[in-house]
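Residue numbers begin at 1 in each chain, while the letters A, B, ... track the order of the sequences. Below, each value reflects all heavy atoms present in this structure, side chains not excepted, and no hydrogens, waters or symmetry copies. Fair warning: this is a prediction, and the values are worked out from it, not measured in the lab.
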There are 2 protein chains.
Amino acid sequence: MESKLAVVALGALAHETRLQIFRLLVRAGSAGLSVGKIAEALAIEANGRLTFHLKELVVAGLASSRQEGRFVFYSTDYVAMNELLRYLTEDCCGGLGCQDIVESCDAEHCA
Amino acid sequence: MESKLAVVALGALAHETRLQIFRLLVRAGSAGLSVGKIAEALAIEANGRLTFHLKELVVAGLASSRQEGRFVFYSTDYVAMNELLRYLTEDCCGGLGCQDIVESCDAEHCA
DNA sequence: GAAACAATTTAACGATTATTGAAATATGGA
DNA sequence: TCCATATTTCAATAATCGTTAAATTGTTTC
């Protein structure tokens, strides 16, 4: 993972609402959730601001969206998530027994 | 981990220089590195900006500092790091086989 | 023990970027 | 067409960034 990508991803997560959205999507699995369901789960309005935050997560590569009828579903990109976690802990303690931290939660595993 | 703590920690990491500092400290282990060494390793100046970034990491709980002679050493708080990673991936996919992602890299393990 | 030096911190400034709310605009389904 | 869902636009507000310069802390030397 490149440094700038990680910065963008971390910046996307460094926001109260977006962090809750992300954690919600992580729990939701690959199926994802519609914008309305996300708003309902977090007790916020499904307005322009929510769209803005969702887009930030997508631009950061942490989530993706797909349209189904008149609903738009958002879901976590588990591969990107794991790349980010691995980037943060890369070569931990000089590589003395601290590698391979993140080995689950990839797309296929969580499908 | 509380939500606001995570936001602060992520915000601290969401910066090119601070992210590199953090990754450098993660590699360095519990012994840590002096401000001068950090500046040298990242090829940046040991000026006010660097101090500001280091402080951000400390305030965010991701690093700690100790004075040794006229040098100040900064080191990763591995417990906080793991709490953050765990918070991000908590109950991944509804808890279906995606838990216990981060189990190494804690303070004692990496000492 | 005081002056000189190195390492680190604090403070001030303008410039850039992120966040918000409100209103208008698509898009799909009954 | 009409309604529900979701997105876009835009201007105002707020937060963050980097540079520079001055101040502080600890060490050494005379």
Side-chain angles (χ1 to χ4, degrees), chain A residues 3-25 28 31-76, chain B residues 3-25 28 31-76:
Chain A
S3 170
K4 288 192 178 180
L5 283 177
V7 169
V8 172
L10 290 164
L13 293 173
H15 185 280
E16 183 72 32
T17 301
R18 288 196 297 266
L19 180 57
Q20 295 313 319
I21 294 172
F22 178 79
R23 279 161 42 85
L24 182 65
L25 293 179
L33 293 171
S34 69
V35 176
K37 286 292 179 188
I38 293 170
E40 185 185 342
L42 301 182
I44 59 180
E45 280 189 68
N47 56 15
R49 190 165 60 254
L50 177 53
T51 297
F52 168 75
H53 289 314
L54 287 168
K55 197 169 197 176
E56 289 273 299
L57 289 174
V58 172
V59 168
L62 292 169
S64 58
S65 67
R66 70 177 194 282
Q67 184 126 14
E68 263 183 40
R70 59 178 156 164
F71 299 93
V72 177
F73 284 77
Y74 284 83
S75 54
T76 304
Chain B
S3 170
K4 289 192 177 180
L5 282 178
V7 169
V8 171
L10 290 164
L13 293 173
H15 184 279
E16 183 71 33
T17 302
R18 288 196 295 267
L19 181 57
Q20 295 314 318
I21 294 172
F22 178 77
R23 279 162 42 84
L24 182 65
L25 293 180
L33 293 170
S34 69
V35 176
K37 286 292 179 187
I38 293 170
E40 185 186 342
L42 301 181
I44 59 180
E45 279 190 68
N47 58 12
R49 202 66 212 153
L50 177 54
T51 296
F52 169 76
H53 289 316
L54 288 169
K55 199 168 196 175
E56 289 271 299
L57 290 174
V58 172
V59 168
L62 292 169
S64 58
S65 66
R66 68 176 195 282
Q67 184 125 14
E68 264 184 38
R70 58 178 158 167
F71 298 95
V72 177
F73 284 77
Y74 284 83
S75 54
T76 304

Between [N] atom [atom2] and [X] atom [atom1], what is the distance in whole Å?
X       : N      : atom1 : atom2 : result
A:His53 : D:dT8  : NE2   : C1'   : 15 Å
B:Leu54 : C:dT9  : CG    : C1'   : 11 Å
B:Glu56 : C:dT10 : CD    : C1'   : 14 Å
A:Lys55 : D:dT9  : NZ    : P     : 7 Å
A:Leu50 : D:dT5  : CG    : C1'   : 12 Å
A:Asn47 : C:dT25 : CG    : C1'   : 15 Å
A:Phe73 : D:dT5  : CZ    : P     : 12 Å
A:Glu45 : D:dA4  : CD    : C1'   : 15 Å

Between A:Thr17 and A:Leu42 the two heavy atoms that sit nearest each other are O-CD1, 4.4 Å
Sole candidate of B:Leu24, B:Leu57, B:Ile21, B:Leu25 that passes side chain to side chain contact (heavy atoms under 4.5 Å, CB included) when paired with B:Tyr74 | B:Leu25
Indicate, yes or no, whether a donor-acceptor pair under 3.5 Å links the base of C:dG29 to the side chain of A:Arg70.
-> no
Ignoring backbone atoms, test whether A:His15 places a side-chain nitrogen or oxygen under 4.0 Å from the OP1 or OP2 oxygen of C:dT20.
-> yes
Using a cut-off of less than 4.0 Å, is there contact between a side-chain N or O of B:Tyr74 and OP1 or OP2 of C:dT9?
-> yes
Output for pair (A:Phe22 CZ, A:His15 NE2), nearest 0.5 Å, gives 16.0 Å
dist B:Lys55:NZ -> B:Thr51:OG1 (nearest 0.5 Å) comes out at 9.0 Å
Would one find more than 12 heavy atoms of other residues, nucleotides or ligands at under 6.0 Å from atom CD of B:Glu68?
-> yes
Which nucleotide sits closest to the side chain of [X]: [options]?
X       : options               : answer
B:Gln67 : D:dG26, C:dT10, D:dT7 : D:dG26
B:Val35 : C:dT8, D:dA6, C:dT19  : C:dT8
A:Val72 : C:dT10, C:dT19, D:dT7 : D:dT7
B:Thr51 : C:dT19, D:dT19, C:dT9 : C:dT9

Starting at the 5' end of DNA chain C, which residue's closest nucleotide do you reach first, A:Glu68 or A:Ala14?
-> A:Ala14
Touch class at under 4.0 angstrom, heavy-atom based, for B:Gly69 against every strand present | sugar-phosphate
